[in-house]
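Below is one structure, written out as structure tokens, with a few remarks after it.
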Amino acid sequence: MRHVDSSPVHVAIGEASRRSGVSARMVRHYEGLGLLPSVARTDSGYRQYSEADVHSLRFIKRARDLGFSMDEIGELVGLWHNRRRASASVKRIAQQHLNELEQRIVDMQAMHSTLAHLVHCCHGDARPDCPILEDLAGSA
């Protein structure tokens, strides 16, 4: 009968980075921000990441991919680890972020429309007058 080691498997930062899709630099940054709890270290001081740490890094990466701020991610990580959380707290954070994204989309559509109009109005020839520069200078 083979003996199975039940101790948690730990990996170095490079492997944790590869498994999570988060650069080693950002792994250290997230740990410094407290998004990731202090990780185990070898006797020589090298960080050692558990599967739970790698899972947390994937969670953080997904939240970053969705555009959540570091503060929001900190709240979400805390809620994720709190089994007695109220989903209303999670929804509040996500709804606020969604509202901000929707406002940014409206703002970007307005910028697009204005810039498209200015580009259309500019002759783009050898003459010096340019409606784009006039608008930027506030003299339009």
Side-chain angles (χ1 to χ4, degrees):
M1 182 171 180
R2 239 172 62 191
H3 173 68
V4 178
D5 186 4
S6 62
S7 63
V9 176
H10 287 84
V11 296
I13 194 167
E15 182 63 15
S17 172
R18 187 189 67 74
R19 289 184 186 184
S20 66
V22 175
S23 73
R25 182 173 117 328
M26 290 308 292
V27 170
R28 287 188 291 273
H29 180 64
Y30 295 154
E31 186 180 350
L33 290 174
L35 297 177
L36 197 61
S38 293
V39 297
R41 292 194 180 248
T42 64
D43 291 339
S44 53
Y46 291 103
R47 291 173 171 89
Q48 292 289 291
Y49 296 87
S50 68
E51 280 303 315
D53 295 328
V54 172
H55 192 67
S56 291
L57 288 168
R58 285 189 200 115
F59 180 98
I60 294 166
K61 181 181 186 321
R62 178 68 176 140
R64 284 299 295 151
D65 289 347
L66 290 173
F68 285 101
S69 71
M70 291 299 181
D71 288 340
E72 291 167 331
I73 293 171
E75 286 186 71
L76 291 169
V77 166
L79 289 166
W80 180 47
H81 290 299
N82 178 0
R83 298 292 177 215
R84 296 190 322 228
R85 68 185 168 256
S87 66
S89 299
V90 179
K91 184 175 182 175
R92 175 189 51 78
I93 295 166
Q95 184 65 58
Q96 180 179 342
H97 182 59
L98 179 62
N99 295 346
E100 291 168 0
L101 285 174
E102 288 170 347
Q103 184 58 53
R104 286 172 48 197
I105 290 168
V106 168
D107 294 345
M108 290 185 82
Q109 287 172 333
M111 287 189 298
H112 177 272
S113 177
T114 299
L115 192 54
H117 173 73
L118 291 171
V119 167
H120 174 76
C121 291
C122 181
H123 296 287
D125 55 19
R127 294 183 294 183
D129 38 311
C130 176
I132 299 169
L133 293 176
E134 290 171 12
D135 183 84
L136 292 173
S139 58

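Below, each value reflects all heavy atoms present in this structure, side chains not excepted, and no hydrogens, waters or symmetry copies. Remember, predicted model here, so these are calculated numbers, not experimental data.
The number of heavy-atom neighbours closer than 6.0 Å to CZ of R104, taken from other residues, nucleotides and ligands shown, is 12 or below.
Partners of R28 according to the side-chain contact (heavy atoms from CB on, under 4.5 Å) rule, which considers only residues two or more places apart in sequence or in another chain, are I13, A24, R25, R47. Every residue meeting the side-chain contact (heavy atoms from CB on, under 4.5 Å) condition with A40, not counting sequence neighbours, appears here in chain and number order: H10, Q48. Looking at residues two or more places apart in sequence or on another chain, you find a side-chain contact (heavy atoms from CB on, under 4.5 Å) between D125 and H123, R127. In terms of the salt bridge (charged side-chain N to carboxylate O under 4.0 Å, His left out) criterion, residue partners of D65 (sequence neighbours excluded) are, by chain and number, K61. S87 is linked by a side chain to side chain donor-acceptor pair (under 3.5 Å) to nothing, counting only residues two or more places apart in sequence or in another chain. R19 meets the side-chain contact (heavy atoms from CB on, under 4.5 Å) test with V11, E15, E51, V54, R58; sequence neighbours excluded.
One hydrophobic cluster, built from ILVMFWY side chains closer than 4.5 Å, holds both L33 and I93.
The hydrophobic cluster analysis finds L101 isolated: no Ile, Leu, Val, Met, Phe, Trp or Tyr side chain comes under 4.5 Å of it, directly or through other members. V106 forms part of no hydrophobic cluster, judged by ILVMFWY side-chain heavy-atom separations under 4.5 Å.
Within the structure, the side chain to side chain donor-acceptor pair (under 3.5 Å) test picks out the following pairs touching residues 106-120 (sequence neighbours left out): Q103-D107. Identified under the ring pair (Phe, Tyr, Trp, His ring centres under 6.0 Å) test for residues 21-55, with sequence neighbours left out: H55-W80. Counting only residues at least two apart or on different chains, no salt bridge (Lys or Arg N to Asp or Glu O under 4.0 Å) pair has a member in residues 35-44.
Between atom CG of residue D135 and atom SG of residue C122 there is a gap of 11.5 Å, rounded to the nearest 0.5 Å. Atom CD of E134 and atom CG of D129 lie 6.5 Å apart (nearest 0.5 Å). Distance check: L36 CG to D53 CG gives 5.0 Å after rounding to the nearest 0.5 Å.
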Identify each donor-acceptor pair in which a side-chain atom of residues 71-78 lies under 3.5 Å from a protein atom, sequence neighbours left out, and give them as a table.
| from | atom 1 | to | atom 2 | distance (Å) |
| --- | --- | --- | --- | --- |
| E72 | OE1 | S69 | N | 2.7 |
| E72 | OE1 | S69 | OG | 3.3 |
| E75 | OE1 | R92 | NH2 | 3.4 |

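Of all heavy-atom pairs spanning M70 and L35, the tightest one is SD-CD1, 3.8 Å.
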